Every structure is written in structure tokens, then in C-alpha cells.
Asks: 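Next up is a structure, given as C-alpha cells.
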There are 2 protein chains.
Amino acid sequence: MATDKIGLAEEAVRSTGARMTRPRVMVLAVLFAAERALTHAEVEARLPRAAEVDRVTVYRVLEWLVDNHLAHKIAGDDRVRRFNAASHAHAGPHAHFQCSDCGEVICLEEAGAKPAVKLPVGYKQQQVELTIKGLCAGCVPASKPRTVARHHH
Amino acid sequence: MATDKIGLAEEAVRSTGARMTRPRVMVLAVLFAAERALTHAEVEARLPRAAEVDRVTVYRVLEWLVDNHLAHKIAGDDRVRRFNAASHAHAGPHAHFQCSDCGEVICLEEAGAKPAVKLPVGYKQQQVELTIKGLCAGCVPASKPRTVARHHH
DNA sequence: GCCATTAGTGCAATTGTGTTGCAATATTCG
DNA sequence: CGAATATTGCAACACAATTGCACTAATGGC
Ligand SMILES: [Mn+2]
Ligand SMILES: [Mn+2]
Ligand SMILES: [Zn+2]
Ligand SMILES: [Zn+2]
């Protein structure tokens, strides 16, 4: 499943200078192999049975990956955090899409520059986040009879 | 506290055509009187003692206000939802600021147009959200000795 | 104004995601 | 190898939000 990403993950973890542990490598490999942002539960589900990583450890590893710039975290409307490997494709700042039905999150390429906004005096800007909300392909009500089953919920 | 807003709130609730109830009026009045987006807990705390609205009802009323376009909901990084009355000032789409320390959310005027983004085929855009993250005036580490106590947490 | 209809509410229990404390384990470095 | 200590596993916890259901009250017709 994420087997071919393990080498990459090991290298990435080693590059931080911190200890290289199985949970860190396996979780990052799962993120590398993912086509979209994953929730904690999804990461856990995608870990190979043999990996056996504790729930709490997965939480801590995900946090650690974000702190070490190996992943980024997206806070969704549904109170669930989703994580993406910080790959080359999405190295810089970029926009996100979130499905308002199933919660799916994907990274987007950004066309123009982000608009400037004026903050009240004393406020300090750190980061600008642009999120498109809408329906993913799986959640758009089909005009023609549906062939695929609705994914989650 | 929110006494002078009650009339406005009554009118707004009535305008939806749905039943006018004390919880709806009181909660909306609290939002009208607020200078920033409020969490459920903050709304509850600002309701006059005499109002006596159940916790769950406050949740349901807030949701109802959003569905009826009398308020809008902002999902923060801290997994807490915040609500703002949909006043004239912030009738249209606008950006938000969220403090990454205390979680405070305020509405912002937007300067330029929102940048266009291209969605994958089959995806449908509903809404664009722009959020500035940073530190609010109360949370910016003071260069000069602090006089005001750190607000919340 | 009274009453029937039913939308809205209160209360208790429950869910779901994420956190904390602490003892046990495993990585790294000399 | 063995010490130092970063990381993990486990259990308990925190807390916003949701659900089920019986009870209450707003509304509209009479
Ligand atoms: Mn991303
Ligand atoms: Mn707003
Ligand atoms: Zn979807
Ligand atoms: Zn703040």
C-alpha cells in the first residue's frame, strides 16, 4: 500500500535530525501515498496491520510532522483535522478545497495572488488561508442516474 | 447588556416567517450586541440570567440562525465554532481573522477580489473563504513591559 | 379568546475527536 | 555495551457538539 514510500519517509524523517522511529516513518509513508488530505482515523486505517501504532502516538506523530514541516494540517468545518505530506507539489502556500457534504479536502493550485486585507492596529498577520467550499465529484447530486454508491457518512 | 438589541432581533426573527421564540430572540440579540464572533459558550454566558435558555437549545438556535441567514458560522482552528450576526456591515462575503493564540475571530473588510482557483472536473464551488491567521492585539508579545493581563486560555 | 396542531424546547445520555499523565520502551551516542 | 533521554503505549480524561424523546408553547382557524 505505502510500501514504496517508506524509503522516502525514512529519508525525510532522518533529515530532521530527530530520532527515526517506526511510527514516524509509517505515518509519513501513509501520507506520501495519499491522494488527498487524511484524517487521523484515515491514517490509522491505512497503516499496515503489522505496523501496530497506538492511536495516541498517531496523533503525536502527526503533530510532530507538522512542527517539522513534513506535513501540513487543515482544520475543516467538521471539527476534524486533516493532514497532507508537504510534498514538492505543495511546498509553498496554496489553497484548499473542502466538500461541505463529505468533508473531503484536497490541495489546489492557486491562480492569482491572495488579496490584501487590513488588520486592526496591534494585530499581527502570520498566514493567509484560502479555502474553497463546495461539493466534491462524489457528492454532486447526479443529473443522470447514479452508478456509484455515495461514499461515506 | 443586549437589551437595546432585542427589538431588532424580534424583527429579524419575525422576518423569517418561522415561530418567534424567546431563545431565538435572546440569542440573536446577544450576537447583535457582540463586537466579535462568539462561541456557543460565550453566547450562553452573555444571555441574561433571567433568560434561562438550555445549552442544547442555544446550539440549535445558532444553527437555525445560520440556516436562516441571520448569522454566519466560522469554523476555527481550535475546533470551536464561532457565530456572528449577519449585519449590514458584513452582509456580503468577507474575510476573517483568527488569533492563533487565543482563538479570537473578527470579520475583516476585503481589499481586492478573491483569486480564482481551478477545481478538478466534477467538483462544484459554493463559497470562497479567506482567513488571516495571526496574533490579536492582546496576544502579540509586548516589546514594552505588559500592563494588561493576558486575556483568556 | 379557545383549542388543536406541531414546531420548538429541556434534559439526560451519548458521540467523536483530541489531550494528558505516567510508566515502560527503544533510539542514539560515546 | 550501557547510560541518557526521546518516544511510545495505555488508561483516563476533556470538551464541543449531537441525539432521542417527552414536554411545552407559538400559531392559525374557529
Ligand atoms: Mn495542502
Ligand atoms: Mn464574518
Ligand atoms: Zn464529498
Ligand atoms: Zn489573541
Side-chain angles (χ1 to χ4, degrees), chain A residues 9-11 13-28 37-45 47 49-68 70-71 73-83 98 100 102-103 105 152-153, chain B residues 9-28 37-45 47 49-68 70-71 73-83 98 100 102-105 152-153:
Chain A
E10 282 176 344
E11 186 183 354
V13 170
R14 185 170 8 243
S15 77
T16 66
R19 291 189 183 176
M20 192 174 71
T21 66
R22 201 186 41 166
R24 283 174 181 173
V25 172
M26 295 313 286
V27 168
L28 184 52
L38 300 183
T39 65
H40 167 272
E42 289 169 334
V43 169
E44 230 190 335
L47 283 171
R49 291 287 315 255
E52 271 294 336
V53 181
D54 185 77
R55 219 173 65 82
V56 176
T57 301
V58 173
Y59 274 116
R60 291 196 272 227
V61 165
L62 287 169
E63 206 57 44
W64 179 88
L65 289 172
V66 172
D67 289 346
N68 288 79
L70 296 179
K73 171 168 61 177
I74 305 128
D77 255 358
D78 53 3
R79 301 180 16 99
V80 178
R81 291 168 186 169
R82 290 177 173 79
F83 299 84
Q98 177 163 35
S100 47
C102 71
V105 170
H152 6 212
H153 298 299
Chain B
E10 282 176 343
E11 186 182 354
V13 170
R14 188 171 5 247
S15 77
T16 67
R19 290 188 186 175
M20 192 173 73
T21 66
R22 200 187 41 168
R24 285 175 180 171
V25 172
M26 296 312 286
V27 168
L28 184 53
L38 300 183
T39 66
H40 167 272
E42 290 169 334
V43 169
E44 229 189 337
L47 284 170
R49 288 294 311 258
E52 269 295 334
V53 183
D54 184 75
R55 222 173 63 81
V56 175
T57 300
V58 174
Y59 275 116
R60 291 197 271 228
V61 165
L62 288 169
E63 205 59 43
W64 180 87
L65 289 172
V66 171
D67 289 346
N68 288 80
L70 295 179
K73 173 169 60 175
I74 305 129
D77 255 0
D78 54 2
R79 301 178 16 99
V80 178
R81 291 167 186 169
R82 289 177 173 77
F83 299 84
Q98 177 163 35
S100 47
C102 70
E104 174 183 300
V105 169
H152 7 209
H153 299 295

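Naming: A, B, ... by sequence-line order, numbering from 1 per chain. Remember, it's a predicted structure, so these values are computed and weren't measured experimentally.
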Asks: Rounding to an integer number of Å, can you tell me how far Met26(A) CE sits from dT8(D) C1'?
Replies: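 Rounding to the nearest Å, CE of Met26(A) and C1' of dT8(D) are 16 Å apart.
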
Asks: Taking side-chain contact (heavy atoms from CB on, under 4.5 Å) as the criterion, tell me which of Leu38(A), Leu65(A), Val66(A) meets it with Phe83(A).
Replies: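 The residue from Leu38(A), Leu65(A), Val66(A) that satisfies side-chain contact (heavy atoms from CB on, under 4.5 Å) with Phe83(A) turns out to be Val66(A).
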
Asks: Rounding to a whole Å, what distance do you find between Asp67(B):CG and dA7(C):C1'?
Replies: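 The distance from CG of Asp67(B) to C1' of dA7(C) comes to 15 Å, rounded to the nearest Å.
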
Asks: Reading nucleotides 17-30 of chain C 5' to 3', which nucleotides get B (base under 4.0 Å from a protein heavy atom), which S (sugar-phosphate only), which -?
Replies: BBBBB----BBS--

Asks: Over all heavy atoms of both residues, which pair between Asp78(B) and Gly103(B) is shortest? Give the atoms and the distance, please.
Replies: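 Of all heavy-atom pairs spanning Asp78(B) and Gly103(B), the closest is OD2-CA, 4.0 Å.
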
Asks: Using the C1' atoms of the five pairs at each end, what is the angle between the end axes of the helix from dG1(C)-dC30(D) to dG30(C)-dC1(D), to 10°?
Replies: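 The end axes of the helix from dG1(C)-dC30(D) to dG30(C)-dC1(D) are about 40° apart, to the nearest 10°.
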
Asks: I'd like to know if the side chain of His40(B) reaches the main chain of Arg55(B), judged simply by a donor and an acceptor atom lying under 3.5 Å from each other, with no hydrogens or angles considered.
Replies: yes

Asks: How close or far is atom P of dC10(D) from atom CD of Glu44(A), stated in whole angstroms?
Replies: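 So the two atoms are 12 Å apart, to the nearest Å.
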
Asks: Using whole Å, report how far CZ of Arg24(B) lies from C1' of dT27(D).
Replies: 12 Å

Asks: Could you check Asp77(A) against Lys73(B) for side-chain contact (heavy atoms from CB on, under 4.5 Å), going step by step and ending with a plain yes or no?
Replies: CA-CA 9 Å; Asp77(A) 255 358; Lys73(B) 173 169 60 175; over 6 Å; no

Asks: Scan residues 11-28 of chain B for pairs that pass salt bridge (Lys or Arg N to Asp or Glu O under 4.0 Å), counting only residues two or more places apart or in two chains.
Replies: none

Asks: For Val58(B), is there any backbone N or O sitting under 3.5 Å from a side-chain donor or acceptor partner on Glu44(B)?
Replies: no

Asks: Have a look at Glu52(A) and say if it touches a base, only the backbone sugar-phosphate, or nothing, with a 4.0 Å heavy-atom cut-off.
Replies: sugar-phosphate

Asks: Rounding to a whole Å, what distance do you find between Asp54(B):CG and dA22(D):P?
Replies: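 Value for this atom pair: 17 Å.
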
Asks: Would you call Glu104(B)-Arg82(B) a salt bridge at under 4.0 Å N-O?
Replies: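 Salt bridge between Glu104(B) and Arg82(B), a charged N being under 4.0 Å from a carboxylate O: no.
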
Asks: With distance as the sole test, does Asp54(A) use its side chain to make a donor-acceptor pair with the main-chain N or O of Val56(A) at under 3.5 Å?
Replies: yes

